[in-house]
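To start, the structure under review is shown below, and the notes come after it.
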Amino acid sequence: MNKFLLTLMGVMMLSLASTAMAQETEYTVKVYNFSNSGEEEALRELYDGTYGCTFTMVSGNGEWATGYSEDWNRGLIWNRNDGKFKQITGSLDDECLAYGVSNDGTVCGIYKDDNNGAVASGGVGYMVPGLWKDGVWTPLELAVPKSEGDVNGEARWISSDGRIVTGYIRDYFMRDTDGNGVLKKKTPYRVCVWIDGKLQPKPDNAPNGDAFGQGYYTLYPSSEDGSVIAGYYEHPTGTRAPAIWINNELRLIYGQEDIDINLEDQYWYDGHTTCVSPNGKWAAGYFSPTGTYYDNIDFYHDIENNITTEFIGGDPSYIMNDRTLFYVGGVMYPDGTQTTVPEWLTSRYGSAGDGSELPQYILSVSHDGKTLAGWYPSYFEGGRSMLPSVISVTGGTDAINSATHDASEVVMRYGVAMADGAEKIELFDAEGRRLAAANTSAITLNGQRGVVIAKATYKGGVVKSAKFNLK
């Protein structure tokens with residue numbers, strides 16, 4: 001072979017490496033719920049009721065989702081492999097509430113324990129925090145002896161690797177319950193952490209108040225490393241403040257002072273920090289200064305800088321690492337732009353599913369953003385209940401084809417990525433996860449920060465990309 005042909009082949013190979021012919025497949029967005037999961041109608045009837053049923057957590061890898069029906073104390077689990085909903089069994093009378101799930105399908109929650117066979121079916125039993133795997137519940141360690149018929153604690157969240165579990169239990173505190181200066185031993189609830197099944201000691205500075213959470217779709221989410229826990233702090237009067245615990249240090253976002261019940265103009269307030277980003281940088285929730293919920297303040301909180309920002313939305317439910325925030329019926333991008341869940345799915349994956357009922361309330365998202373779970377409303381005469389739903393995205397090509405990302409044809413100006421003549425432009429983060437896409441030559445960023453890769457696809461499948469570090 002002559003030198004000219006060798007040189008020509010080399011130039012062609014370099015050209016292909018720099019323009020990278022796209023070998024893409026389209027994303028498939030599928031929605032799983034009782035109406036299309038292939039399950040018998042009898043299973044739906046097990047979970048339907050006044051409140052209904054919701055999924056509360058997706059595993060970090062997106063393979064599992066779990067939740068519960070509070071009407072009947074029944075747990076539910078979904079696995080991507082078969083796409084089916086299944087009842088969580090193995091407790092006394094199969095009563096349990098399932099809150100979190102790890103990458104291998106281990107569920108955390110609360111279940112009805114028979115105390116080693118001492119309680120017969122139909123008996124009161126002991127409601128204890130535990131882990132479920134392959135049909136078997138295992139109790140988690142408690143700080144005080146368990147009490148029959150009482151909620152002895154709950155395991156509310158589990159890390160992706162299953163090693164860290166957070167929740168709340170009863171513990172011993174000394175309290176002046178009568179206001180006469182006499183301290184009495186009481187057992188209110190406190191936030192707790194289990195590591196490898198071992199209950200971590202109560203910190204010396206544990207607040208002398210309740211960390212408590214009952215009520216449908218009430219969560220105690222945590223950052224992936226378990227260092228930041230969200231929930232609420234119940235003052236001795238019963239008024240509640242949205243709170244986070246950072247390495248066991250309590251931070252009240254609103255409601256720092258208890259109310260004075262002797263003052264006529266003092267309102268009983270209520271609030272809840274409902275979500276924490278996996279990286280532990282962001283939290284979000286609501287606060288009602290009068291406890292009426294007509295005056296709800298929706299907020300997100302910068303944990304590192306202790307800065308709270310209020311916004312108009314509606315019951316924040318999940319916050320991603322980049323501060324993309326889900327709330328009832330909508331999504332808010334980091335720049336404050338708001339959209340709907342179908343529009344968010346379409347901009348990111350090109351589709352909003354097959355027309356099935358999408359979750360109205362997204363409670364959890366996998367780390368790659370491809371599995372989302374929560375509930376959608378089911379209406380009946382005189383009311384509305386919740387039904388569980390999972391959105392699963394498969395296929396597509398998240399990887400960036402070019403290794404250099406230095407194409408001069410792709411530019412960023414005033415928050416808009418542009419590539420003249422391109423038929424499609426997509427945005428990715430530093431790990432190759434797609435943030436947004438549009439079948440045009442330009443796309444507007446929605447407040448993304450850090451490394452953003454813009455990938456332009458031209459006629460004939462030619463791809464060029466450029467990397468930008470946005471401050």
Side-chain angles (χ1 to χ4, degrees), residues 32-34 37 39 43-44 46-49 51-80 82-113 125-140 151-160 162 164-169 194 197 213-222 231 274 317-318 359 361-366 371-375 385-390:
Y32 295 88
N33 52 44
F34 276 128
S37 67
E39 299 297 331
L43 182 61
R44 172 173 174 162
L46 278 176
Y47 293 91
D48 211 349
Y51 292 116
C53 180
T54 179
F55 280 120
T56 53
M57 184 174 174
V58 172
S59 59
N61 61 7
E63 295 296 316
W64 303 86
T66 194
Y68 64 91
S69 165
E70 192 174 9
D71 291 289
W72 315 113
N73 287 352
R74 292 191 177 96
L76 188 70
I77 192 167
W78 169 89
N79 179 235
R80 194 208 299 267
D82 60 17
K84 294 182 178 180
F85 294 175
K86 296 177 182 177
Q87 184 179 2
I88 293 176
T89 59
S91 56
L92 181 62
D93 301 321
D94 290 333
E95 289 191 27
C96 66
L97 298 176
Y99 294 116
V101 63
S102 67
N103 285 346
D104 70 352
T106 299
V107 171
C108 70
I110 180 174
Y111 71 100
K112 188 178 179 182
D113 181 49
Y126 296 76
M127 300 303 293
V128 297
L131 300 178
W132 178 91
K133 176 70 174 174
D134 298 328
V136 177
W137 280 98
T138 302
L140 286 166
V151 174
N152 293 280
E154 295 187 312
R156 287 279 184 158
W157 174 90
I158 187 170
S159 60
S160 295
I164 305 172
V165 179
T166 64
Y168 65 89
I169 56 170
W194 294 271
Q214 292 288 83
Y216 66 97
Y217 63 80
T218 298
L219 301 177
Y220 273 112
S222 301
T274 53
S317 57
Y318 188 83
Y361 204 92
I362 300 294
L363 287 170
S364 186
V365 181
S366 61
T371 306
L372 306 88
W375 61 268
S385 68
M386 305 178 297
L387 286 176
S389 185
V390 177

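In this structure, S389 contributes its side chain and N33 its backbone to no donor-acceptor pair below 3.5 Å. At distances below 3.5 Å, not a single donor-acceptor pair connects side-chain atoms of S364 with backbone N or O atoms of M57. Side-chain N or O atoms of T56 include one that pairs as donor or acceptor with a backbone N or O of T66 at under 3.5 Å. The backbone N or O of D94 lies less than 3.5 Å from no partner atom in the side chain of T89, so there is not a single donor-acceptor pair.
The minimum heavy-atom distance between W137 and G130, with the atom names listed, is CZ3-O, 3.5 Å. Closest heavy-atom contact between V58 and V101: C-CG1, 4.1 Å. Residues R74 and Q87 come closest through the heavy atom pair CD-NE2, 3.7 Å. Of all the heavy atoms in S59 and S102, the pair that sits closest is CB-O, 3.3 Å. Shown here for L140 and V165, the closest heavy-atom pair between the two residues is CD1-CG1, 4.1 Å. Heavy atoms only, all atoms of each residue included: G60 and S366 are closest at O-CB, 3.7 Å.
Taking OG1 of T274 as the reference point, atom CG of L363 lies at 9.0 Å (rounded to 0.5 Å). Distance OG1/T54 to OH/Y68: 7.0 Å, rounded to 0.5 Å. Rounding to the nearest 0.5 Å places SG of C53 at 7.5 Å from CE of M386. A distance of 9.0 Å separates CD1 of I77 from NZ of K86, quoted to the nearest 0.5 Å. For the atom pair CE of M127 and CD1 of I110, the computed distance is 4.5 Å after rounding to the nearest 0.5 Å. Interatomic distance, L97 CG to S91 OG, rounded to the nearest 0.5 Å: 9.5 Å.
Within the structure, salt bridge (Lys or Arg N to Asp or Glu O under 4.0 Å) contacts touching residues 54-67 (residues at least two apart or in different chains) are E63-R80.
Of the listed residues (F85, W375, Y32, W64), just one forms a ring pair (Phe, Tyr, Trp, His ring centres under 6.0 Å) with F55, and that residue is F85. Of the options N103, L131, V107, a side-chain contact (heavy atoms from CB on, under 4.5 Å) to I158 is made by L131 and by none of the others.
In terms of the salt bridge (Lys or Arg N to Asp or Glu O under 4.0 Å) criterion, D104 has no residue partners (sequence neighbours excluded). Residues satisfying the salt bridge (Lys or Arg N to Asp or Glu O under 4.0 Å) test with D113, not counting sequence neighbours, are K146.
W132 and Y111 have their aromatic ring centers separated by at least 6.0 angstrom.
Between P139 and Y126 the shortest side-chain heavy-atom distance does not fall below 4.5 Å. Put simply, the side chain of L76 reaches to within 4.5 Å of the side chain of P388, judged on heavy atoms.
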